[in-house]
Colleague: 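Got a structure for you, questions after.
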2 protein chains.
Amino acid sequence: MYTDLVNFVEQLVPLNSGEWEAAYPFIESLELKRNDFFVEEGDIAQYIAFTRKGYLRVFYNHDGEEITRDISPLNTFVTALPSFISQTPSFEIIQAVTDCDLLIIHRDNLELLYNEYINWQKVGRRVMEEMFVDTQYRIYAFITQTAETRYKEMMKRYPDIFLHVPLQYIASFLGITSQSLSRLRKSIRFEE
Amino acid sequence: MYTDLVNFVEQLVPLNSGEWEAAYPFIESLELKRNDFFVEEGDIAQYIAFTRKGYLRVFYNHDGEEITRDISPLNTFVTALPSFISQTPSFEIIQAVTDCDLLIIHRDNLELLYNEYINWQKVGRRVMEEMFVDTQYRIYAFITQTAETRYKEMMKRYPDIFLHVPLQYIASFLGITSQSLSRLRKSIRFEE
DNA sequence: AATTATACTTAACAAATGATAAAAAATAAA
DNA sequence: TTTATTTTTTATCATTTGTTAAGTATAATT
């Protein structure tokens, strides 16, 4: 049940059994069916999720168009952070792309953990650091690489995502239209 | 001396005087002349900086070309995070674009603070959260906006940067060549 | 001041991506 | 299975941005 979460956290900050025991009562389980929402527009994000199974996408409504800013790989933390932090209505929408098994923690309980255990506070910091570094790399990719290179790298790094996530979301994630992605895939097919 | 730093931190996490007193001995001051390096390629980043005066840019060498991934606004934290976290040689280079007054903290001392004071650990987490949110917005801008819009928004948000940072760095930061930025600025000049 | 180096601009052409519209394919619903 | 809906692909043309090369302006050095 908790195996993947434990492994993920332990890799960042080794915790003793007391620290884990304190956390378990706060960890709830949530199953989402495909297309279910984890956070809807205007919601105040109360939970942070760890994706045990399935894929979530984070998107915005931008002039009636859905802009996918993130597709969560397996075993990562996901929430609408601006809303979660400041308890304001969320402009980010989080939806299940496939059926999902999530572990979720309520913000209030996470605060309790954070304030009681310096090591849980540290986990929070380390998770954010890693997410920040990932995001910086993505900016680097936007600056230096063409959409084709970004696509190929994504294929290499997250092949599983391509098996489960519609191409239109992937296109948006890569910063191009689905038509451009289609063209790009065609040109790759005839490459070698 | 510490005013801006104190304001910045207090806005995220209010600290008592004991927590500040514990930190002061660790805070060193560093002045950089224009073009001085804060982190050179291959260095192991030992310090995190708070920019009291002046602008730092974070860039990579990408096929002999310098790719500016970040230009630090005033009163922000800057370091080569991947290197700083894992104490590995840095591929990120950090250089002073103008003369700079920095407050810096050594990694070892920061760790001491983090491990001694849950509230300093919390500061670390909150700083990372804010930086992460900023970076996510930047990705959103890359996906949805044209270079012209990104340029205009940057003008609005950081007008001071344009007074002190060469356009070639700004172009790279926006994800375009300096020639494209030039053309773009020209077309804006003749707009109204 | 003259010289050199650096930064910025301009121009013409090439390449990448967007916009629009439509067809084809895949999936879901009846 | 048939029908309807959604997703993906194709194609054409427009726009944005890159590339190359040159010129101009600005700043640094002698």
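Since this is a predicted model, take the numbers as computed values, not measurements. A, B, ... follow the sequence lines: proteins, then strands. Residue 1 opens every chain.
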Colleague: Are OP1 or OP2 of C:dT27 and a side-chain N or O of A:R34 less than 4.0 angstrom apart?
Modeller: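 No.
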Colleague: Treat each ILVMFWY residue as a node, draw an edge where side-chain heavy atoms are under 4.5 Å apart, and state whether A:Y151 and A:I161 are in one component.
Modeller: yes
Colleague: From CZ of B:F142 over to P of C:dA16, roughly how many Å is that when rounded to an integer?
Modeller: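 My rounded result for the distance is 19 Å.
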Colleague: Measure CD/A:Q145 against P/C:dA16 and give the value in whole Å, please.
Modeller: 14 Å
Colleague: Is there a side-chain contact between A:S178 and the phosphate of D:dT8, meaning an N or O under 4.0 Å from OP1 or OP2?
Modeller: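 Answer no for this pair, as no side-chain N or O of A:S178 is under 4.0 Å from OP1 or OP2.
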Colleague: Do the two ring centres, one from A:F59 and one from A:Y169, sit under 6.0 Å apart?
Modeller: no
Colleague: For the residue pair B:Y2 and B:Y24, categorise the inter-ring angle as parallel (less than 30°), tilted (30 to 60°) or perpendicular (more than 60°).
Modeller: parallel
Colleague: Is it the case that A:R138 places NZ or CZ above or below the six-membered ring of A:F173, under 6.0 angstrom from the centre and within 45 degrees of the axis?
Modeller: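 Yes, A:R138 sits over the ring of A:F173.
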Colleague: Using only side-chain N and O atoms of A:K186, determine if any of them is under 4.0 Å from OP1 or OP2 of D:dA11.
Modeller: yes
Colleague: In whole angstrom, what separates A:L167's CG from C:dA25's P?
Modeller: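 Atom-to-atom, A:L167 to C:dA25, this comes out as 16 Å.
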Colleague: Could you check how far OH of A:Y151 sits from C1' of C:dA16, rounded to whole Å?
Modeller: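 The distance from OH of A:Y151 to C1' of C:dA16 comes to 17 Å, rounded to the nearest Å.
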Colleague: Rounding to an integer number of Å, can you tell me how far B:I188 CD1 sits from C:dT10 P?
Modeller: 13 Å
Colleague: Is the closest basic N to carboxylate O distance between A:R126 and A:E129 below 4.0 Å?
Modeller: yes
Colleague: For A:Q168 and C:dG18, what is the distance between atoms CD and P respectively, to the nearest whole Å?
Modeller: 15 Å
Colleague: Less than 4.0 angstrom between a side-chain N/O of B:R189 and OP1 or OP2 of C:dT10, yes or no?
Modeller: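 Answer yes for this pair, as a side-chain N or O of B:R189 is under 4.0 Å from OP1 or OP2.
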Colleague: Whole Å only: how far is the CD1 atom of B:I176 from the P atom of C:dT9?
Modeller: 11 Å
Colleague: Assuming nearest nucleotide by heavy-atom distance, tell me which of B:R183 and B:Y169 is located more 5' along DNA chain C.
Modeller: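 This one resolves to B:Y169.
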Colleague: Classify the nucleic acid contact of A:S182 as base, sugar-phosphate or nothing, counting any heavy atom under 4.0 Å across all strands shown.
Modeller: base
Colleague: Please confirm whether the shortest side-chain N or O distance from B:T177 to OP1 or OP2 of D:dT17 is below 4.0 Å.
Modeller: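 Answer no for this pair, as no side-chain N or O of B:T177 is under 4.0 Å from OP1 or OP2.
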Colleague: Under 4.0 Å between any heavy atoms, over every strand shown, what does B:R185 touch: base, sugar-phosphate, or nothing? Just pick one.
Modeller: sugar-phosphate
Colleague: With nearest nucleotides of DNA chain C determined for A:Q179 and A:T146 from heavy-atom distances, which residue corresponds to the more 5′ nucleotide?
Modeller: A:T146
Colleague: Send over the distance from A:L174 CG to C:dA16 P, rounded to a whole Å.
Modeller: 16 Å
